[in-house]
2 protein chains.
Amino acid sequence: MPKAEKILEKFNLKKTNFRLELVELFQSSSSSLTADEIRQKINSTNDKVTIYRALTAFEKKCLIHRVPDKSNLIRYALCQKECNQTHHKHNHAHFICNICAKTFCIEDIKLPQINNTSGFKISKTQLTLEGSCPSCN
Amino acid sequence: MPKAEKILEKFNLKKTNFRLELVELFQSSSSSLTADEIRQKINSTNDKVTIYRALTAFEKKCLIHRVPDKSNLIRYALCQKECNQTHHKHNHAHFICNICAKTFCIEDIKLPQINNTSGFKISKTQLTLEGSCPSCN
DNA sequence: TTTATAAACGCAACTCAGTTGCAAATATAT
DNA sequence: ATATATTTGCAACTGAGTTGCGTTTATAAA
């Protein structure tokens with residue numbers, strides 16, 4: 001696992017205390033995070049604007065990606081190591097736990113190949129699963 | 001196409017002017033609708049609370065179902081004729097147009113069969129496609 | 001037809017996630 | 001040491017969706 005500093009460097013982001021802590025938090029999370037969950041878990045800031053702006057910056061640089069959420073919150077997870085500013089591709093499924101409401105990236109379930117159909121041009125495919133996660137069942 | 005009155009009757013909902021108009025609006029829409037889109041298209045009320053409560057009631061009775069939305073809005077589409085209060089099953093894909101932002105139900109794309117994996121118990125599968133819709137391309 | 005009642009309506013006020021503006025602070029390059 | 005762009009933090013805002021409550025109305029029962 002690459003160190004948080006290296007990652008911020010790689011993506012041309014400043015190494016502030018908060019952003020280092022945020023990268024480390026994402027690295028140590030098995031599931032995805034909302035802005036509010038981040039605020040509760042982090043020490044170096046308590047300002048939601050700071051958190052939202054970091055998330056926007058991280059997403060723009062393809063360090064993190066949005067994942068689905070049951071209650072329509074914005075929820076993020078770390079991208080794969082292969083992702084960078086020019087190459088950004090995810091072909092994994094997402095899993096939402098109906099008990100704890102967490103969302104997980106499931107790398108070993110690949111997306112089905114769907115072809116264009118009756119006038120719809122398909123450029124992206126998302127597969128979202130629901131049920132109960134390992135720690136809830 | 002069954003008449004709106006019949007539908008409200010079938011689902012034990014009162015036939016008010018607004019709810020009749022709402023059912024007809026859903027029937028005549030090729031894509032899904034948000035509360036705000038409904039407010040703009042409907043004449044019999046201008047109150048958003050009335051709209052939200054009708055949507056909640058319709059959803060509870062399985063007359064409509066939620067569909068994904070790019071900007072995390074709550075978006076609904078009519079259920080299939082087979083759906084009722086005891087039997088409610090959808091196995092179609094959803095398509096989000098990246099140009100007009102509408103969401104469509106794609107009945108002829110069926111969901112892949114995904115099995116439980118490494119501790120995750122899967123009870124529901126959702127397949128969401130993105131691209132450009134027939135009227136946008 | 002009248003009456004009773006549960007469902008539906010409409011208004012005001014609220015909640016809460018996410019955003020915007022702006023001035024102050026700080027990481028980093030020169 | 002200095003300059004510059006990035007990041008931070010506060011206050012105030014936006015806009016989707018919700019809650020409370022009193023009134024109205026569809027429907028069923030008398």
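Since the model is a prediction, treat every value here as computed from it, not as a measurement. To find a chain, count down the sequence lines: A is the first, B the second, and so on, and within it residues start at 1. Heavy atoms only: backbone and side chains are in, while hydrogens, waters and symmetry mates are out.
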Result block: side-chain N/O donor-acceptor pairs under 3.5 angstrom for residues 100-110 of chain B, not counting sequence neighbours:
unit_1: B/T103; atom_1: OG1; unit_2: B/P68; atom_2: O; d: 2.9
unit_1: B/E107; atom_1: OE1; unit_2: B/Q80; atom_2: NE2; d: 2.9
unit_1: B/D108; atom_1: OD2; unit_2: A/T117; atom_2: OG1; d: 3.1
unit_1: B/K110; atom_1: NZ; unit_2: B/E107; atom_2: O; d: 2.8

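- What separates CG of B/N12 from C1' of D/dA26 is a distance of 13 Å, to the nearest Å.
- Members clustered with A/Y52: none, using a 4.5 Å side-chain heavy-atom cutoff among hydrophobic residues.
- Put simply, CZ on B/F18 is 14 Å from P on D/dA26, counting in whole angstrom units.
- Taking atom NZ on B/K60 and atom P on C/dA7, their separation rounds to 9 Å, with Å as the unit.
- Taking atom CD on A/Q40 and atom C1' on C/dC16, their separation rounds to 14 Å, with Å as the unit.
- Scored by the side chain to side chain donor-acceptor pair (under 3.5 Å) test, A/S30 finds no partners at all (sequence neighbours excluded).
- With side-chain heavy atoms closer than 4.5 Å counting as contact, directly or through intermediates, A/V67 stands alone and belongs to no larger hydrophobic cluster.
- Protein atom CG of B/N17 is 7 Å distant from nucleotide atom P of D/dA26, rounded to whole Å.
- Applying the salt bridge (Lys or Arg N to Asp or Glu O under 4.0 Å) test to every pair with at least one member in residues 43-57 of chain B, sequence neighbours left out, gives no pairs at all.
- The side chain of B/T45 contributes an N or O atom lying less than 4.0 Å from OP1 or OP2 of C/dG10.
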Query - Contact letters for nucleotides 16-23 of chain D, in which S counts primed atoms plus P, OP1 and OP2 and B counts the base, heavy atoms under 4.0 Å - result: SBBBBB--
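- Legend: ring-ring contact (aromatic ring centres under 6.0 Å, His included) pairs involving residues 19-44 of chain B, not counting sequence neighbours: none detected.
- Clustering of Ile, Leu, Val, Met, Phe, Trp and Tyr by side-chain heavy atoms under 4.5 Å joins A/I99 with none of the others.
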Please list each protein N or O that sits under 3.5 Å from an N or O in nucleotides 27-30 of chain D, with the distance.
unit_1: D/dT27; atom_1: OP1; unit_2: B/K15; atom_2: N; d: 3.3

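- To the nearest angstrom, P of C/dT26 lies 18 Å from CG of A/L8.
- No option in B/T34, B/I96, B/I64 other than B/T34 meets the side-chain contact (heavy atoms from CB on, under 4.5 Å) test with B/R75.
- For the ring-ring contact (aromatic ring centres under 6.0 Å, His included) test, no residue two or more places apart in sequence or in another chain qualifies with B/F58.
- Axis orientation changes by 30° from one end of the helix from C/dT1-D/dA30 to C/dT30-D/dA1 to the other, with each end axis drawn from 5 pairs and the value rounded to 10°.
- The distance from the CD atom of B/E37 to the CD1 atom of B/I51 is 11.5 Å, given to the nearest 0.5 Å.
- Note: CZ (A/R39) to P (C/dC16) measures 12 Å, nearest angstrom.
- A/F95 meets the ring-ring contact (aromatic ring centres under 6.0 Å, His included) test with B/F120; sequence neighbours excluded.
- Separating the CZ atom of A/R19 from the C1' atom of D/dA5 is a distance of 12 Å, rounded to the nearest angstrom.
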